[in-house]
Structures are given as structure tokens and as C-alpha cells.
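Beneath this line is the structure, given in C-alpha cells, with notes to follow.
Lettering of chains follows the sequences in order, A, B, ..., and the numbering in each one begins at 1. Quick note: numbers below take in every heavy atom, side chains included, and nothing from hydrogens, waters or symmetry partners.
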Protein chains: 2
Amino acid sequence: MPDSAIRPRKEFGKTIAADITHRLREEIIACALAPGEPLRFDVLRERFGASFTTLREALTALAAEGLVDAQEQRGFRVAPVSRQDLMEITDARVLVEVELIRRSIARGDDDWEIAVISTLHRLKRIEQRDPEHPLRDPEWKIAHRQFHEALVSACGSATLLAIRAELFDRAERYRHLSANFRPRPRDKAGEHQAIMQAAISRNADLAVQLIETHIRSTADNVATYAAHLLDTE
Amino acid sequence: MPDSAIRPRKEFGKTIAADITHRLREEIIACALAPGEPLRFDVLRERFGASFTTLREALTALAAEGLVDAQEQRGFRVAPVSRQDLMEITDARVLVEVELIRRSIARGDDDWEIAVISTLHRLKRIEQRDPEHPLRDPEWKIAHRQFHEALVSACGSATLLAIRAELFDRAERYRHLSANFRPRPRDKAGEHQAIMQAAISRNADLAVQLIETHIRSTADNVATYAAHLLDTE
DNA sequence: CCAGACCATATTTTCGAAAATCATACCGTT
DNA sequence: AACGGTATGATTTTCGAAAATATGGTCTGG
């Protein structure tokens with residue numbers, strides 16, 4: 001989607017720096033910028049049409065999120081990937097997500113239930129369009145993210161939600177890494193459905209167990225099908 | 001310590017931006033810059049001797065760490081404090097720290113034990129100097145931080161350690177907030193000693209319980225003695 | 001007297017030139 | 001040939017001026 005010509009210079013009310021942070025984040029997560037790739041200012045300047053300092057601000061922010069690697073005096077590069085990093089992210093996600101699911105199930109009200117149900121509904125409808133390659137569909141990605149966000153949205157801790165969001169982004173990059181080599185997606189639709197039902201029926205132990213399996217099996221999948229990208233790094 | 005005249009322009013090998021990020025972080029944690037205080041570029045420029053863009057980069061990085069609040073098009077301010085925020089940080093710290101202590105106890109080797117013992121030893125020696133006001137002693141702060149870092153250093157997850165470090169910083173700011181109003185510190189020395197012993201003897205359940213109490217009672221203390229700063233925000 | 005438009009000022013945000021730093025290739029010496 | 005130093009070009013990093021935006025006060029019409 002080469003939209004730099006159509007897109008307005010920046011989104012309304014936002015600074016250019018924030019806008020570029022957002023766009024860079026998307027490209028890194030989607031692996032349009034490959035892991036480990038150097039991020040040279042000449043190139044970025046051309047691609048994003050912003051000045052050195054504005055780009056620098058965006059890269060610094062992404063470095064704090066763990067998506068960019070800042071090498072002092074030697075510029076920036078896309079954060080490299082490794083099996084170890086994937087494992088750490090997976091463990092951290094399980095730790096946080098399990099806690100947040102429990103809290104959400106304990107505290108969630110009617111609005112929470114409605115959000116969980118409706119985001120899943122939308123996700124399923126989008127899935128029917130192209131069940132083979134969901135990750136290539138930007139709408140699926142958004143819907144998938146929104147469903148998982150809805151599940152934990154009632155936890156009551158903005159602090160933990162921010163940490164969760166960061167880990168989710170970093171994990172999504174690994175999913176994209178393996179997406180091109182994965183033969184066929186496993187039955188995610190069924191898993192999501194089961195998680196939703198466990199959550200709505202307030203069966204915390206079951207929901208937690210399903211979420212953990214969901215996260216870990218996705219990671220295993222990545223480790224298997226992106227093995228050649230993780231070992232020779 | 002007005003050291004801008006003595007201090008070299010920047011630390012060796014580091015960028016000015018990274019150096020200023022570091023200095024600003026320290027001042028915010030120490031509440032030398034008060035919570036909610038606007039961070040105007042004129043003032044910062046004067047104080048840190050750097051240009052707009054360099055300062056901007058530092059502020060953006062600190063915003064990602066949760067120590068600075070970026071208000072688009074309306075500048076930056078020191079992140080405000082609140083009872084709710086303190087609670088969230090405390091809960092998040094317990095969640096993460098408990099996990100990391102367990103892992104460290106399970107995986108720690110001889111070097112880990114030595115690090116735990118020696119950092120505690122140094123902490124105790126520094127404590128004897130001025131047992132009334134430890135938080136005013138920069139050396140105590142460093143030693144205290146290093147002891148708690150040593151405890152979790154064998155966990156094996158750089159990802160979780162980074163999250164833990166961020167939460168520790170944010171919590172330390174709250175401790176400083178109440179430091180001026182707290183009548184007398186409780187028996188921290190004893191608590192640290194007990195935690196060390198539980199860790200070294202590989203009694204994970206006990207260590208975890210002591211750490212949780214340690215974190216929560218510190219937070220309660222802050223909530224009590226900084227109440228006037230937390231409620232009228 | 002109030003609400004809204006308008007202007008003047010304060011402040012932030014962005015830019016590209018200039019300085020600093022790094023990487024590489026070249027050269028002379030051993 | 002191997003090594004160490006140095007000049008050169010490439011790249012990052014920093015700066016302050018200029019543009020963009022917000023803020024606060026004043027004026028006008030209702």
C-alpha cells in the first residue's frame with residue numbers, strides 16, 4: 001500500500017513524530033523492514049519524508065518499545081530476532097496475560113461481555129473471507145488484536161495493559177516472520193471461540209489455560225516454521 | 001550537586017541525548033522535578049545545555065518509560081502521580097518480581113549467591129552511616145537497587161528484567177515522594193536480610209512471600225505519608 | 001454582561017545545515 | 001606479508017533558525 005502520496009502529511013492533531021513512530025512500528029511488525037536491517041537516515045528520509053531529528057525521535061521511541069535497536073554513535077537497526085527472544089516474549093506474555101484475564105473475568109461487566117462477543121464475531125466474519133492467509137489481511141490483524149484486547153480490557157490496570165500491548169506487538173512480529181512459510185493455519189477460529197466462552201461463563205481457570213495454550217502453541221509454530229530465520233541470526 | 005560545570009559535556013561513548021535521558025530520569029525519580037510539573041524547553045535548555053531536538057528525544061524516551069507525560073502539541077510534563085497509579089505499579093511489581101525471584105532461585109548458581117550476599121553486605125554497611133534518612137544518600141539508593149537487582153539477576157529473561165527495571169524506577173519515585181514526610185523508616189535492614197536468607201537457602205515460597213510483603217508495605221507507607229500529595233492531584 | 005471571533009504573544013515542533021563520529025582504504029614501516 | 005597509523009568518505013548526531021500551533025487577552029455584536 002504505497003500511500004505516501006494519498007495520505008495527508010500527518011494525522012489530525014498529532015505531531016509528525018508520533019505519526020512516523022506509528023508507521024514505522026507497523027512496518028517493523030509486518031516485517032516490511034526485516035529484522036536486523038540497518039535503518040539509515042538517508043533511506044528513511046526518502047521513505048517517510050521527514051527530517052533527521054524527527055526520524056530520530058521516532059526511532060528512539062521504538063527503541064524503548066524493543067522494536068528497534070539503538071547502537072550509540074552507529075545508528076539504529078530493526079531489532080534482531082532470535083529463538084531466545086521469542087521464548088522470553090512468550091513467557092512474559094503468558095505471565096501478564098494470565099493475570100489480566102483473571103482480573104477481567106473477576107471484574108468485567110455487561111459492556112465487557114458485549115465487547116468480547118462482538119469483537120470475536122467480527123473476527124470470525126473476516127476470517128471467512130480468506131481462511132488460508134489471515135495475517136495478510138490488515139483487517140484481520142486489527143480484528144484479532146481487538147478481540148484479545150477486549151478480553152483483558154476490564155482488568156483495571158492501565159500499567160499492565162501498556163506492558164501487555166508492547167509484548168503483543170513484539171510477538172506479532174514473530175508471527176509475521178513465519179507467516180510466509182507456514183503451510184496452513186491451525187484452528188485458531190475454534191480456539192478463539194473456546195476462549196470467549198470460557199471468559200463469558202466466568203470460568204477463569206479454563207480461560208487461563210486456553211490462553212496459555214493459545215500463546216504457547218502460536219510461538220511453537222513460529223519457532224518451527226521460521227527456524228531458518230531464528231538460528232542463523 | 002550542581003555539577004554542570006565539572007561534568008564533561010557527555011559521558012564517554014554516549015550520545016548527548018542518551019546522557020540527558022539519564023540525567024532527566026534521575027531528577028524525575030528523585031522528585032527534583034515535581035510530579036505534574038511542566039517541562040518547558042526554555043528551562044530545560046538552560047538547565048541541561050542542549051538543543052530543542054536533543055531534549056525532545058530524551059523526553060520522548062522517558063515518555064515511553066512512563067516517567068514523562070507527552071501532550072501532543074502542548075509539550076511535556078513530569079508524569080503526574082496518583083493513588084491509582086501507585087496501586088497499579090505495586091501490583092505489577094509484585095506480579096513480575098515474584099516470578100523473577102522464583103526463576104532466580106531455581107536457576108541461580110554460585111556467582112548469583114555471591115552477588116546477593118555481597119550486595120546486601122554493602123547495603124548494610126552504608127545503612128549504618130545514616131540510618132535515619134537512607135533515601136537521601138545516593139550511595140544507599142544505588143546499593144539498594146543493586147541488591148534487589150542481584151536477587152532477580154539469574155532469572156534468564158532480559159525482557160522481564162527490562163520491564164522490572166522500569167517498574168522499579170517508577171516505584172522509587174513514589175518512595176522519594178513520601179521520604180520527606182515519613183517519620184522513621186521501618187526495619188528495612190531486617191527485611192532485606194530475611195529475603196537474602198530465604199533466597200540463598202532456596203526457599204522460594206518464603207522468599208516470594210517476603211518480597212511481596214516488602215513491596216506492598218513500602219507502597220502502603222508511601223500511600224500513608226504522601227497522602228496529601230496523592231489525593232489533591 | 002456574555003459568547004464568539006480575532007489578534008498578539010508564548011511555546012512547541014520541524015527542518016536542513018554544520019559538527020562530530022565512525023568505517024574503510026591507503027600508505028609507510030618493520 | 002603483517003601491522004599501525006592516518007586521510008577520506010559515509011553516516012550519525014547536534015544545533016539554532018524558522019514554521020506551526022497553542023494560549024491569553026481584547027474587541028464586537030447580541
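Residue-to-nucleotide proximity on DNA chain C shows that, of B:Q71 and A:R74, the 5′-proximal contact is made by B:Q71.
Distance, B:E72 CD to C:dT11 C1': 16 Å, rounded to whole Å. Across the protein-nucleic acid pair, B:F41 atom CZ and D:dA22 atom P stand 15 Å apart, rounded to whole Å. The nearest whole Å value for the distance from the CD atom in A:E46 to the C1' atom in D:dT11 is 16 Å. Distance CZ (A:F76) to C1' (C:dC22): 15 Å, rounded to an integer number of Å. In this structure, A:D19 places its CG atom 16 Å from C1' of D:dA20, rounding to the nearest Å. Across the protein-nucleic acid pair, B:R40 atom CZ and C:dT13 atom C1' stand 16 Å apart, rounded to whole Å. The CG-P distance, from A:D42 to D:dT12, rounds to 6 Å in whole Å. Distance A:L44 CG to D:dT13 P: 12 Å, rounded to the nearest Å.
Residues from residues 51-67 of chain A lying near DNA chain C, meaning a heavy-atom separation below 4.0 Å, are A:S51, A:F52, A:T53, A:T54 in numerical order.
Taking A:E139 as the reference, nothing meets the side chain to side chain donor-acceptor pair (under 3.5 Å) condition, with sequence neighbours excluded. Under the ring-ring contact (aromatic ring centres under 6.0 Å, His included) criterion, B:F147 pairs with B:H192, sequence neighbours left out.
Between the side chain of A:E57 and the backbone N or O of A:A17, no donor-acceptor pair lies under 3.5 Å.
Between B:R45 and D:dC15, a side-chain N or O to OP1/OP2 separation shorter than 4.0 Å is absent.
Between A:H144 and A:H214, the ring planes lie tilted relative to each other; the angle falls in the 30° to 60° range.
Counting all heavy atoms, side chain and backbone alike, B:E166 lies closest to B:A64 at OE2-O, 4.0 Å.
A cation-pi arrangement is found for A:R175 relative to A:F168, the charged atom lying closer than 6.0 Å to the ring centre and inside a 45° cone about the ring normal.
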